[in-house]
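Structure record follows, encoded as structure tokens.
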Amino acid sequence: MEYRKTLNLPRTSFPMKANLPQREAQILNFWERKKVYQRIREERKGHPKYILHDGPPYANGNIHMGQALNKVLKDVVVKYKTMQGFDSPYIPGWDCHGLPVEHQLFKKLGINKNEISRLEFRKKAREYALHFVKEQRNQFKRLGVFGRWENPYLTLSPSYEGEVIGAFGKLAQRQYIYRGLKPIRWCFRCQTALAEAEIEYKEKESPSIYVKFPVKDSLSLTSSRLPVYLLIWTTTPWTLPANLAVAIHPHHLYALVQLDKEILILAKDRLARLKEEIGIKPARVVSVHEGEKLRGLRYKHPFINRESEVLTANYVSLDEGTGCVHTAPGHGDEDYVLGLEHNLPVLSPVDGEGKFTSQAGDLKGIQVFEANSLIIEKLKQKGYLLHHEKVVHSYPHCWRCGSALIYRATPQWFLVVDKHNLREKAIKAVKNEVDWIPPVSKMRMGSMLRERPDWCLSRQRYWGVGIPAVHCQGCGEAIIDEEIIGKIKNLTSKYGSDCWFEEPVEHILPPGYRCPRCGGEKFKKEEDIIDVWFESGVSHQAVLVQEETLGDPSDLYLEGSDQHRGWFQTSLLTSMALKGRPPYRGVLTHGFVVDSEGRKMSKSLGNVVDPQEIVSTRGADVLRLWASLEDYTQDIRISEEILKYTVEVYRRVRNTCRFLLGNLYDFDYLRDTLPPEELQDIDRWLLSRLQKLIKKVTASFEKFKFHEAVHLLHLFATNELSSFYFDVLKDRLYTFPPDSKGRKSAQTILWHLLISLTKLMAPILSFTSEEVWGYMRKMEEGASGEGYSPLEESVLLSSWPQVDNNLLNENLETIWKKVLKVREGVLKKLEEARGAEIIRSSLEARVTIIAPFSELSSLKDLGDRLKEVFIISEVQLQEGEELEIRVSRAEGRKCERCWNYSLYVGSDKEYPTLCQRCRKAIEEFTG
RNA sequence: GGGCUCAUAGCUCAACCGGUUAGAGCGCUGUCCUGAUAAGGCAGAGGUUCCUGGUUCAAGUCCAGGUGAGCCCA
């Protein structure tokens, strides 16, 4: 007889090979068809809310690994909270305005700003942004991310834009907004401001000059009667008319160096190089002073009737120049910031064409680069030029027209960070009102807030929301008026931000409007747009408040660590200023995706990993698992090796599910479940272990430590299930009569396991858990024969497994811990016996355990079960001094059906190849 | 250059307040099974805890410096 057919071997159509790319498509389809996300919303209505507010990714290009990671982490949080019973709607958003779209589009069109009208361009930009919103939406959905995808929030939607203007207006009303000068990169050929991304560095030849600035009260430094000069170095002589300070390093040493008939002040450490490079011949070093000591020293401008003084700054470097840095707040970033600190005016006597204005005196009308030689000549005549040569250096150029750029100060709109103690309040809120994960974020946020300058809100761009200000044509006054802003807000909310640029100014102004300063009647609209960071920064107003399913403040913002300066901060500042509290109760940050060496991804390094490729070759669940496998508080590595490992973990989980499904084919949960007291010891033990797993995994999810949860699940599947419990169970599952108590006891556990594990992994392995869930439902329908399953239609509609304290059994766990310890020793001895060719399969073995009485008792209690636990054919227990394990060949013959060795085999005439146990089973089977 | 941070087996992670011989899983090697089978079991080999110095009876853990890397700013 073919006894194999009398066994209850696993049966399932759940495939071992996942073939995720194809299968996931079907599951996505299932979710869509069954409207699972919508049904979650309906079923959670009225439950406590958990709001994760989506930081809008930029609608430009396909999604990259970082965005994929970010969205998956968000999805894991939302799904977990949902299964925990929260009403956790997720409304994804996109950042649609701004430079990257504008820049990319200009590139694509092959034109510049002057070759297209603003409105025409904006129309194209809109299409461009919306195109990528659509693309990215599909890519995110493909990752299995649940959310209100059909109606996301877009920063270019009229209602959002209206809120942006409203927020700007309110801040202005509360005097947070002012107008000031700030140097920006300027292309005088294109007559436009340029952003960092639009700058190309190219070699350029510039003059390199060393200039002497006469010191006024040199007596404080030296008793010498010789004239004393600060020696500065610059490659932009044309910025000298705007010189308002000399910066030196506070902690470096500066030398007074006597030349022929003069004394120069320069950094001591530069002296040797300068002797070499420009050939100065010092007679002697008069004295040496710490930079700090020279602070406040006054000097005369070399050709303008003006006095300024020496300031100290940490950015002063001794790598080049003289250590005395010519400072023109209107012509450089560092200069500007230093100037702000010392209340220097932002002098910038240069117009949009790059020509000097009347502020530059007799240089008026001369183009700045052409003025270089005139200025050098002037310095020479006055005797202030120490040295002059030419250098070739890397210099910023316009990406479009290729001309050299200049720094030029222009009027900009700012948000004052110190108004009404905003900065202090924000820092306090960071400290006391927000939960930062990981905790170091708190410090980082705090120190960034402490240091940040006022927020420049204006951009000289096309693609964004116009700043709702008007300028009086008569006196040039820039006006922000509550009434005007109210009107713009309404118009914009209805028609979108184009209306600001479309409508003539008269339509916007209230009838008979006059300039509050000069009474003028003619106005023009502000042309600048609002910084996109301001747009996304007010999403708490435009989204959290406006969307009735959400709420303000939110529970969590979850973004990459770059958002400490970005969204976390802009959102915090605007919320503090508008509402006096943060927009979030918690902030979670993750690191950046880097390669196997920990280096960032870049095209030039050739180490870029594409999420879409992972999805199409290995599946979204693999990507989701990868995102959950690593500790995201640090940088997250990805490589072929790591992906292979991820697939291995996935395989283990999948096969565990398959084994469970395969052994439950004839199990009807409602009919066959045994109550705990009727379960076998080992089964109750496993149930206790499962409760602990649920407890630990839940705790990990609560702490957002997904990698911990994954490790726990993987470890459980490997150590407790695959290598022990399942292995032991096989004999009972396969060889016991189908409806025997022993087998049903095992199956009861398997069912518990399957349902719990499937749920525990659902937030992460959403596709696979849904797939498993579907098989479970089908099984249930089949078993009950009623086409009805007690299981929810989707695992994501089900609830998180609860720990059943009644199933926890410390006593059992202690006993089994001992048994497992002994098992370890047995396995080692079995391996030795295998090596000595005494046995091959462990069932060929007979094991004798000699141990002290105290150790022996728990083993004895197991009785016949003990050999099952060791998967051997015979076990003998003996009392002895200390633990000893002996292995020999089992007696008797191998049962053809269960493969156990027994003396009974051969004794039965009817079933000569069976053991006693199988004989009974067979009778049940045939009878 | 400044702010914040990281570095533990080939990989992913552990190691409470400083306290025995730094632990797991995967991978690797060997091996068994062929009734989870493009599965599964067992055993074994892998570590100068990035480097240098210091504090301490004792350092992966604390301190200083260096190297490499990341985010942000300049």
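Proteins get letters first, then strands, A, B, ... in listed order; numbering begins at 1 in each. These numbers come from the heavy atoms of this one structure, side chains and all, not from hydrogens, waters or symmetry mates. The structure presented is a predicted model; accordingly, all values stated were derived computationally and were not measured.
Against the 90° criterion about 0, the sugar-base torsion of B:rC50 places it in the anti range. With a glycosidic angle no more than 90° from 0, B:rG46 adopts the syn conformation.
A pairwise comparison of heavy atoms in A:R654 and A:T768 identifies NH1-CG2, 4.0 Å as the closest pair.
As a whole-Å value, the separation of A:R185 CZ from B:rA74 C1' is 12 Å. The CZ atom of A:R654 sits 20 Å away from the P atom of B:rC26 (whole-angstrom rounding). Between the P atom of B:rU5 and the CE atom of A:M445 lies a distance of 15 Å, rounded to the nearest Å. Atoms CG (A:L715) and C1' (B:rG23) sit 11 Å apart, rounded to a whole Å.
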Item to check | Strand RNA chain B as a dot-bracket string - pairs counted if Watson-Crick or G-U with both distances under 3.5 Å, | where the partner lies in another strand | outcome: (((((((..((((.....[...)))).(((((.......))))).....(((((..]....)))))))))))).

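As rounded to the nearest Å, B:rA7 and B:rU49 have C1' atoms that lie 10 Å from one another. Annotation: B:rC50 and B:rA14 have their P atoms spaced 15 Å apart (nearest Å). Taking atom C1' in both B:rA22 and B:rG41, one finds a spacing of 28 Å when rounded to whole Å. B:rG10 and B:rU21 have their P atoms separated by 23 Å, given to the nearest Å. B:rG46 and B:rU37 have their C1' atoms separated by 29 Å, with the value rounded to a whole Å. Between B:rU55 and B:rC63, the distance separating the two C1' atoms is 7 Å to the nearest Å. Taking atom C1' on both B:rG18 and B:rC72, the two are 33 Å apart, rounded to the nearest angstrom. Between B:rA15 and B:rC4, the two C1' atoms lie 26 Å apart (nearest whole Å).
Proximity of a side-chain donor or acceptor of A:W626 to a complementary backbone N or O of A:R637 within less than 3.5 Å is detected. In this structure, the side chain of A:S873 engages the main chain of A:Y901 through a donor-acceptor pair within 3.5 Å. In terms of modelled atom types and a separation under 3.5 Å, the side chain of A:E824 and the main chain of A:K821 share no donor-acceptor contact. At least one donor-acceptor pair closer than 3.5 Å links the side chain of A:N607 to the backbone N or O of A:S602. In this structure, A:Y254 contributes its side chain and A:G323 its backbone to a donor-acceptor pair below 3.5 Å.
Classified by interplanar angle (parallel below 30°, tilted 30° to 60°, perpendicular above 60°), the ring pair A:F706/A:F701 is tilted.
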Checklist entry - Along nucleotides 6-12 of chain B, 5' to 3', which nucleotides get a B, which get an S, and which get a -, given that the test is a protein heavy-atom distance under 4.0 Å? => result S---SSB

Next on the checklist: For nucleotides 31-41 of chain B, give me one character per nucleotide, 5' to 3': B if any protein heavy atom sits under 4.0 Å from the base, S if the only such contacts are to the sugar-phosphate, - if neither.
Outcome noted: SSSSBBSSSSB

Next on the checklist: Counting primed atoms plus P, OP1 and OP2 as sugar-phosphate and everything else as base, spell out the protein contacts along nucleotides 66-73 of chain B at 4.0 Å heavy-atom distance: B, S or - for each nucleotide, 5' to 3'.
Outcome noted: ---SSBSS

Atom pairs, protein N/O to nucleotides 44-50 of chain B N/O, distance under 3.5 Å:
none

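Checked against ring pair (Phe, Tyr, Trp, His ring centres under 6.0 Å), A:F592 has no partners two or more places apart in sequence or in another chain.
Remark: of the listed residues A:Y725, A:W816, A:F716, A:F716 is the sole one forming a side-chain contact (heavy atoms from CB on, under 4.5 Å) with A:R689. Here the options are A:N663, A:D683, A:D666, the test is side-chain hydrogen bond (donor to acceptor under 3.5 Å, both in side chains), and the partner is A:Q747; only A:D666 passes.
The neighbour count for A:E837 CD, taken as heavy atoms of other residues, nucleotides or ligands under 6.0 Å away, does not exceed 12. Counted within 6.0 Å of CZ on A:R889, heavy atoms from surrounding residues, nucleotides or ligands total more than 12; the atom is thus considered enclosed.
Checking A:T235 against A:Y395 by side-chain atom types alone, no donor-acceptor pair falls below 3.5 Å.
In terms of position on RNA chain B, the residue among A:K644 and A:L830 whose nearest nucleotide sits closer to the 5' end is A:K644.
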